[in-house]
Every structure is written in structure tokens, then in C-alpha cells.
S.K.: 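Please see the structure below; I have some questions.
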Amino acid sequence: MMPSTASTPDVVERYEQVLGMPIGTPHDPVRLTHEWLIGDPPVPRQLRAGRRIGTGLIESLEGRVIELRHLDDTVGSRTLLPVIRAELDQAEHLARTGSYTDVLGKRLYTVIGELAQLAGWVASDAGHYPDAQRLYLSGVTAAEAAGDRALGAQLLSSLAYQITNVGRREDALLIARSAVTGAPDASPLVRALLLERLAWAAARLRDTDTTRRALDAVNDAYDQRSDGAAEPEWVYWLNRAEIDVMAARCLIELGTPAAAEPLLTRALAAYNPDHAREVALYQTWLAEGHVRAGDLDAAREVLARIDTTAIDAGSSRLQRRVTAVDRLIDRRAQKKPATSRQPTE
């Protein structure tokens, strides 16, 4: 029996895991991406009854989004996800029941879109993939209501990143490419981020030409940044080290692990140790690079150094990576064919 419309996301997700297919997602992601790409932004519905929303409340909500986004650097998904979901529910309730000017309404919908992206990202880290997809797609709708094209592209590229790792990679590449195409006026850092996810989607399909062109475009976009160029706060974390890590991951996927090792080593040497999950994730890529280059001892040494406390804090993503690399080491040690690959993130 299919779940009723009153079922919670957790119940729907359990049905989906048992059936092996999505049943609760309100929109097909590829179709929604196409509609987003060619459609005109909808006019936000203004509700004139209920609480009057002023500038002070909007500024408070905007500040809270930034605070929560930075907490994701150090706080585990199990702790952070319910907090973000509660904040998102409250913001959506305000949008439905409050009254506000058009200008403040756009800012409110921007808050909702950013919270949906953050909630989707944390849900995905925790392994709640159908829930994350629903959050990303609802965020696209909010971003369109806000008239924020870059935010809509960020949400779609975040979804593409998840699908690249755990879904239909052809769909992921299409969505990632559409996110880049649909935000032609994106700022340099936003464009670099969108292109990074396009490169990753292409690399997972072993599309060498598209991957390398996208990585070159990432560097070009990053070099165009300037102190005077306005950037959304949600790209605060994107720097040269992060770009090198993504390039290294793509190189490993494309079968050139030796070129990836110096990029990862340099990035890890400069990385903030307080960001334990990211450090651990990037170490798994260094370990995988060693395996694919034939140095199993170096891979084991890196894997043994990894701090796995983020797994205990709810990071399914890190658990998947550690398990995948550990299995890859075992296969190589047993001299099995090297063509088999575990899902990677």
C-alpha cells in the first residue's frame, strides 16, 4: 500500500528505500530543472492578512541563516538537521500567514530558499536522500519567487551533486549543466561553484573532455573574483584549496591519481582542523588516490589517520567514503580487477 498524503518524510523515505524507487518526491527533478531553465519567474503571492513582517524580522532571519550555515562546518548532521528544519518551517509559516511588502517578500523567500538548500545539504550528508531532494526542489520554487536566479542554480546544482553520487548520473549531468546555463549573470564565485559540480558530474560519467573544460572554466571564473564584486554569503567557503580538492577528485575519477596527490596534500595541509568532517572526507580521497596509484601501504596509513567522529555525529557521507576506500584496498590487495568502483561522494 502506498503511503497517504499525511505521511511524514521519514515514513515516505522508508517506503522508498524498501521499494527502491522515489514515491514521495513532488516533482521530477529533470522536468523541474527544464521548467526553471525556460520559464519566467512566478509573481510571489502576497498575503495581506496576519502578522505584519517588518525589516527587523527579515534581518534577524537572514542573520540566522548565516549562523546555521557556518555551524555546518563544525556541528554534526544529527544535531543540526532538526534545527534547520524547524527554522525552515517557521519561515514558510511566515510566508503563508504574514503580510509584507514586495521587497520584504522577496527577501523572505530568499531566506526560505537558502534554508531549504542548507537543510537539503545536511539531510544529504545524513543519508536522507529523498528528503534532501524534496528540500532542494522546494527551495527552487522559493528562489524563483524571490527572483534570485543564482540561488535557484545553487539549489539545482546541489541536487545534481547528490544525484551524481547516489542516483542516475546522466540526470545529474543534465541538471548540473542546466544550472550553469540558467545563471549566465552569476558572480565569479557562484559561477565557479556551479562549474565545479558540473565537472564532478562529468567526471563520474568518465566524460574527460567535459570535465577538463569545466575545470578550466572554474579556474577562469575564480580568477575573475575581486574585492568589489558582490557575492552571496553562501559561497564564503569556496577558495583555492576547495577548488584543488574538487580538481583532484575529478582526476582520480578520470584515472590520473598521481596528478591528484599534490593537490590534495597541499589543500589538507592548509585546511582548518576544526572542520573535522571535511578533513576526513578529503583524506579518503587522498587514500583512494594512493590505492589507484598502486601504493596500498600509503592508502592504509592515510585511512588509519582519519578522524571518524563525524560518522558518530550523523555523517553517512563520510561512512560511505571510508567503507568504499577500505573495500577498494581489500580488492586491490587480493589482486582483483581494478575496473570495479564503489559509489563515491
S.K.: With sequence neighbours left out, what residues match Asp297 under salt bridge (charged side-chain N to carboxylate O under 4.0 Å, His left out)?
M.R.: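 Only Arg300 meet the salt bridge (charged side-chain N to carboxylate O under 4.0 Å, His left out) criterion with Asp297.
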S.K.: Clusters formed by hydrophobic residues whose side-chain heavy atoms approach within less than 4.5 Å: which one holds Leu251, and what are its other members?
M.R.: Leu263
S.K.: Can you name the residues that form a side chain to side chain donor-acceptor pair (under 3.5 Å) with Arg305, not counting sequence neighbours?
M.R.: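 Counting only residues at least two positions away or on another chain, Arg305 forms no side chain to side chain donor-acceptor pair (under 3.5 Å).
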S.K.: Holding to side chain to side chain donor-acceptor pair (under 3.5 Å), I want the full list of residues that pass it with Asp89, two or more places apart in sequence or in another chain.
M.R.: none
S.K.: Please work out whether the ring planes of Tyr282 and Tyr271 are parallel, tilted or perpendicular, with thresholds of 30° and 60°.
M.R.: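 Judged by the thresholds at 30° and 60°, the geometry between Tyr282 and Tyr271 is perpendicular.
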S.K.: Provide the full list of side chain to side chain donor-acceptor pair (under 3.5 Å) pairs with a residue in residues 256-270, sequence neighbours left out, each pair given once.
M.R.: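 Sorted result for residues 256-270: Asp244-Arg266, Glu261-Thr265.
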S.K.: Kindly compute the distance separating CZ (Arg107) from OH (Tyr100), expressed to the nearest 0.5 Å.
M.R.: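 Taking CZ in Arg107 and OH in Tyr100, the distance rounds to 14.0 Å.
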S.K.: Could you work out, with side chain to side chain donor-acceptor pair (under 3.5 Å) as the rule, every residue matching Arg212, not counting sequence neighbours?
M.R.: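 None.
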S.K.: Looking only at heavy atoms, what is the nearest atom pair of Ala186 and Val190, with distance?
M.R.: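 Taking every non-hydrogen atom into account, CB-CG1, 3.7 Å.
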S.K.: Is there any salt bridge (Lys or Arg N to Asp or Glu O under 4.0 Å) pair reaching into residues 180-199, and which pairs are they, with sequence neighbours excluded?
M.R.: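 Checked against salt bridge (Lys or Arg N to Asp or Glu O under 4.0 Å) - neighbours excluded - no pair reaches residues 180-199.
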S.K.: Could you give all pairs that pass the salt bridge (Lys or Arg N to Asp or Glu O under 4.0 Å) test and reach residues 274-285, with sequence neighbours left out?
M.R.: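 Qualifying pairs: Asp72-Arg277, Asp125-Arg277, Glu278-Arg317.
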S.K.: When rounded to the nearest 0.5 angstrom, what distance separates CG in Leu88 from CG in Leu118?
M.R.: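 The CG atom of Leu118 is 9.5 Å from CG of Leu88, to the nearest 0.5 Å.
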S.K.: In this structure, would Val83 and Val65 fall into the same cluster of hydrophobic residues linked by side-chain contacts under 4.5 Å?
M.R.: yes
S.K.: Does anything in residues 170-182 form a salt bridge (Lys or Arg N to Asp or Glu O under 4.0 Å)? List the pairs, not counting sequence neighbours.
M.R.: Arg168-Asp171
S.K.: Look up atom OG1 in Thr110 and atom CG in Asp148, then write down how far apart they are to the nearest 0.5 Å.
M.R.: 5.0 Å
S.K.: For Val140 and Gln117: C-alpha separation, side-chain torsions, deciding distance, then whether side chain to side chain contact (heavy atoms under 4.5 Å, CB included) applies.
M.R.: CA-CA 9 Å; Val140 172; Gln117 190 279 329; over 6 Å; no
S.K.: For the atom pair OG (Ser77) and CD1 (Ile311), what is the distance rounded to the nearest 0.5 Å?
M.R.: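 It is 11.5 Å, given to the nearest 0.5 Å.
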S.K.: Going hydrophobic residue to hydrophobic residue with side-chain gaps under 4.5 angstrom, can you get from Leu215 over to Leu195?
M.R.: no
S.K.: Enter the distance from Ile163:CD1 to Arg169:CZ here, rounded to the nearest 0.5 Å.
M.R.: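 The distance works out to 12.5 Å.
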S.K.: Centroid-to-centroid, Trp121 to Trp237, below 6.0 Å?
M.R.: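 For Trp121 and Trp237, the ring centres are not under 6.0 Å apart.
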S.K.: Which residues pass the side chain to side chain donor-acceptor pair (under 3.5 Å) test with Ser187, sequence neighbours left out?
M.R.: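 Result, side chain to side chain donor-acceptor pair (under 3.5 Å) vs Ser187: Glu231.
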S.K.: May I ask you to test the Leu264-Ile252 pair for a side-chain heavy-atom distance under 4.5 Å?
M.R.: yes
S.K.: Tell me the closest heavy-atom pair linking Gly120 and Leu135, and the distance in Å.
M.R.: N-CD1, 3.7 Å
S.K.: Nearest 0.5 angstrom please: Arg292 CZ to Glu253 CD, how far?
M.R.: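 Rounded to the nearest 0.5 Å, the CZ-CD separation comes out at 7.0 Å.
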S.K.: For residues Lys106 and Ala146, report the shortest heavy-atom separation together with the two atoms involved.
M.R.: O-CB, 3.3 Å
S.K.: Going by atom types alone, do Gln154 and Tyr136 pair a side-chain donor with an acceptor below 3.5 Å?
M.R.: no
S.K.: Check each of Arg321, Gln319, Arg327, Arg320 against Thr323 using the side chain to side chain donor-acceptor pair (under 3.5 Å) test, and report the only one that passes.
M.R.: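 Exactly one pass, corresponding to Gln319.
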S.K.: Tell me which pairs pass ring-ring contact (aromatic ring centres under 6.0 Å, His included) where either residue lies in residues 238-266, with sequence neighbours left out.
M.R.: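 Matches after skipping sequence neighbours: none remain.
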S.K.: Can you list everything that forms a salt bridge (charged side-chain N to carboxylate O under 4.0 Å, His left out) with Glu59? Sequence neighbours excluded, please.
M.R.: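 Result, salt bridge (charged side-chain N to carboxylate O under 4.0 Å, His left out) vs Glu59: none returned.
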S.K.: Are Tyr222 and Tyr236 linked, directly or through other ILVMFWY residues, by side chains that come within less than 4.5 angstrom of each other?
M.R.: yes
